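On a predicted model such as this, the values are computed, not experimentally measured, just so you know. Reminder, nothing fancy here: chain letters follow the sequence lines and each chain counts from 1.
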2 protein chains.
Amino acid sequence: MAAQPDLPLVRADEREWLAAYDPRAFAPVAVTVDIAALTMRHNRLHVLLVERAGPPYQGCLALPGGFVRAGEEDLGQAAARELAEETGVDPAALRRIHLEQLGSYGSPIRDPRMHVVSVAYLAFAPDLPDPRAGGDAASAAWTPVAGPRGGGSGDRSPLPVPGSIPGSIPGVLAFDHAVILADALDRARSKVEYTPLATAFLEPEFTIPELRAVYEEIWGEPLHAGNFHRKVLSVPGFVESTGRTTTRGGSKGGPRARLYRSGGATTLHPALLRPADRDDPSGRSLD
Amino acid sequence: MAAQPDLPLVRADEREWLAAYDPRAFAPVAVTVDIAALTMRHNRLHVLLVERAGPPYQGCLALPGGFVRAGEEDLGQAAARELAEETGVDPAALRRIHLEQLGSYGSPIRDPRMHVVSVAYLAFAPDLPDPRAGGDAASAAWTPVAGPRGGGSGDRSPLPVPGSIPGSIPGVLAFDHAVILADALDRARSKVEYTPLATAFLEPEFTIPELRAVYEEIWGEPLHAGNFHRKVLSVPGFVESTGRTTTRGGSKGGPRARLYRSGGATTLHPALLRPADRDDPSGRSLD
DNA sequence: GTAATAGTGTCTTTCAGACAGTATAGG
DNA sequence: CCTATACTGTCTGAAAGACACTATTAC
């Protein structure tokens, strides 16, 4: 979504009408933002989850989020605020996080309290320190996403969350957050195809094999090391060399890898297409 | 966005808490849906606009839309209802329309009445009869979108609307609808690359040249007829032959074109990539 | 030394785009 | 007859994937 530089001009002949307008006359629909914040820890994809301190779904795991402050902030600001509040991420770290709108979820029965429309955001973060809880979260932690590859062992037990299985049970997550998370993973998988956002999971300086590990974890399948290397270097603006190398080789030996930083491109031309499942010629499902 | 099959289970120990919950305690944020409905008339892209019958922005052109009915409908249902209501499109025609969520717009000052979050939808429709106004629209009409190619003459005067110029003036459209429309056009341009949705602008049976005209209008540039033809036929599931041909050749002569219908694919593999602007190696802007 | 890995060279296949050419229609 | 168009054939270059190979490091 583009920025929203909207400054509505209120015409003089509408002033009077506006003065008499009563906002509370309208049926109450609440608006929240929820954030699916993804990061990479020990080469496994993790999502930030909080434990709900109060009802509804008290004690359940949920995506961090909360109500939009009416008249005070726009949706992106609300998402950034909630992400900071509920996790204790400091503002400096917040600047390294990519935040984009994912979509809105508005079933009238998704929240037992009332009709709540949630605007979901997707965040890509580098490996951050463990969050401290805040806001109405009893606790917050990076939780491994059991991707298509399965496995994942970490800070908290892995989720039985759908890689992207449509119609899967919301399961352990509160509200419809399992659906939101599945949509977030789908978006992440396709976003890294045509943008350099995979670098957002890494430190400012990284090696091509580290970048490849990010892609392999997000897509859940191994990539050919040699072809990946050449491909990344061939896309203009994807990465740029720092001239340096790592000080050590890999844990199991091998030469030192060269260090790169993110280049200036916002989109990848040509794109880094995910290996097609040739078993599925009908095309992947959409929307 | 995926479907939202969410049936939250209210736990017994939360019943009591819920009974005491007062929805009106929360600050009022209203939720609307707005629809950017696109269609193709006389080979020009048109968008459905209404003239606002009441304040704010009375008399201005706007995207059709309205408030979500709290507790009664989800966002997609609200969008379909508003589209039908404000335009008089009958339910049968509604089924031929592709409707997908575009994004949400929630600046606190985008509506002078109060903080209104609008969930925008994008619709692809075949050439439909002229709408009759309804709801709070004084009138409704298909309005030509002055694309990157400029020109366009039709039912109403063409819009000075940005092809996708970021930061352009909202201009004649109410609220931030010029921004929404620009985002809708961007989405449409990329959506036809990797889905067969361009066929949604055509009758159930169409020719390859007709399909090409759709792409040329949406992308705003001519395509190579021969290569386009071969490409479309080579993508599995994009179109399937009916075995018939048109009964007449083109208005300026030429053989009769074969008729096809939409195939079963939901995504295009390989994709029909838009000719890259090689002048812009930095990559197109994002989000 | 042994094993694993970084990075490069090369071949094959696929696909996009340029261009030519043929057949079929309207005027 | 002339022109515009549908559709096909062919060539070239770009790019993806498979494989082989060298060099460098940990242990």
Side-chain angles (χ1 to χ4, degrees), chain A residues 43 192-194 202 205-216 219 221-260 267-279 281, chain B residues 43 192-194 205-216 219 221-236 238-239 241-260 267-278 281:
Chain A
N43 281 341
V192 294
E193 286 189 298
Y194 56 94
L202 298 171
E205 298 200 353
F206 53 87
T207 68
I208 305 283
E210 283 166 356
L211 184 61
R212 175 163 48 85
V214 171
Y215 275 91
E216 290 179 332
W219 288 346
E221 55 194 323
L223 299 175
H224 188 289
N227 290 339
F228 181 87
H229 193 104
R230 183 171 6 147
K231 170 71 183 172
V232 167
L233 293 185
S234 77
V235 177
F238 193 178
V239 299
E240 57 187 32
S241 175
T242 66
R244 281 191 303 278
T245 69
T246 52
T247 54
R248 283 197 31 100
S251 60
K252 295 181 231 161
R256 296 173 188 161
R258 293 201 262 268
L259 284 166
Y260 297 84
T267 55
L268 268 23
H269 293 292
L272 244 161
L273 294 178
R274 177 170 21 170
D277 287 348
R278 300 293 184 192
D279 318 324
Chain B
N43 281 341
V192 295
E193 285 190 300
Y194 56 93
E205 299 200 353
F206 53 86
T207 67
I208 305 283
E210 283 166 357
L211 184 61
R212 176 164 47 85
V214 171
Y215 275 92
E216 290 179 331
W219 287 346
E221 54 193 324
L223 300 175
H224 188 289
N227 290 338
F228 181 86
H229 193 105
R230 179 162 9 97
K231 170 73 182 171
V232 167
L233 294 184
S234 77
V235 177
F238 192 178
V239 298
S241 176
T242 65
R244 282 191 301 279
T245 69
T246 52
T247 53
R248 282 197 34 99
S251 60
K252 295 183 230 158
R256 296 173 187 162
R258 293 201 261 268
L259 284 166
Y260 296 84
T267 55
L268 268 24
H269 293 291
L272 244 161
L273 294 178
R274 179 170 17 172
D277 287 347
R278 301 292 184 192

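- What separates CZ of B/Phe206 from P of D/dA6 is a distance of 15 Å, to the nearest Å.
- With hydrogens and angles ignored, the 3.5 Å screen pairs no side-chain donor or acceptor of A/Glu205 with any backbone N or O of A/Leu259.
- For the ring pair (Phe, Tyr, Trp, His ring centres under 6.0 Å) test, residues two or more places apart in sequence or in another chain that qualify with A/Tyr215 are A/Trp219, A/Phe228.
- Between the CZ atom of A/Arg244 and the P atom of C/dA6 there is a distance of 19 Å, rounded to whole Å.
- Distance B/Asn227 CG to D/dG13 P: 16 Å, rounded to the nearest Å.
- A search for side-chain hydrogen bond (donor to acceptor under 3.5 Å, both in side chains) contacts involving B/Arg230 returns B/Asn227, not counting sequence neighbours.
- Contact record, A/Val235 with A/Pro270: CG2-O, 3.6 Å, taken as the closest heavy-atom pair.
- Positionally, the nearest nucleotide of DNA chain D for B/Arg212 lies more toward the 5' end than for the other of B/Arg230 and B/Arg212.
- Between the side chain of B/Thr267 and the backbone N or O of B/Tyr194 there is no donor-acceptor pair closer than 3.5 Å.
- Here the rule is salt bridge (Lys or Arg N to Asp or Glu O under 4.0 Å) with A/Arg274, and of A/Glu221, A/Glu193, A/Glu216 only A/Glu193 fits it.
- Side-chain nitrogen and oxygen atoms of B/His224 include none within less than 4.0 Å of the OP1 or OP2 phosphate oxygen of C/dC19.
- Taking atom CD of residue B/Glu221 and atom P of nucleotide C/dG17, one finds them 10 Å apart after rounding to whole Å.
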Point to revise | Footprint string (nucleotides 21-26 of chain C, 5' to 3'): B base within contact, S backbone only, - free, heavy atoms under 4.0 Å | key: ---BBS
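- Atom CG in A/Leu211 sits about 14 Å away from atom C1' in C/dA6, given to the nearest Å.
- Minimum interatomic distance between B/Thr246 and B/Arg256 (heavy atoms only, all atoms of both residues): O-CD, 3.1 Å.
- Atoms CG (B/Leu273) and P (D/dA14) sit 17 Å apart, rounded to a whole Å.
- The side chain of A/Pro209 has C/dA6 as its nearest neighbour among D/dA18, C/dG17, C/dA6.
- Between D/dA6 and B/His229, no contact under 4.0 Å exists linking OP1 or OP2 to a side-chain N or O.
- Distance, A/Phe228 CZ to D/dG17 P: 12 Å, rounded to whole Å.
- Listed pair B/Arg258 / D/dT8 meets the phosphate criterion, a side-chain N or O lying under 4.0 Å from OP1 or OP2.
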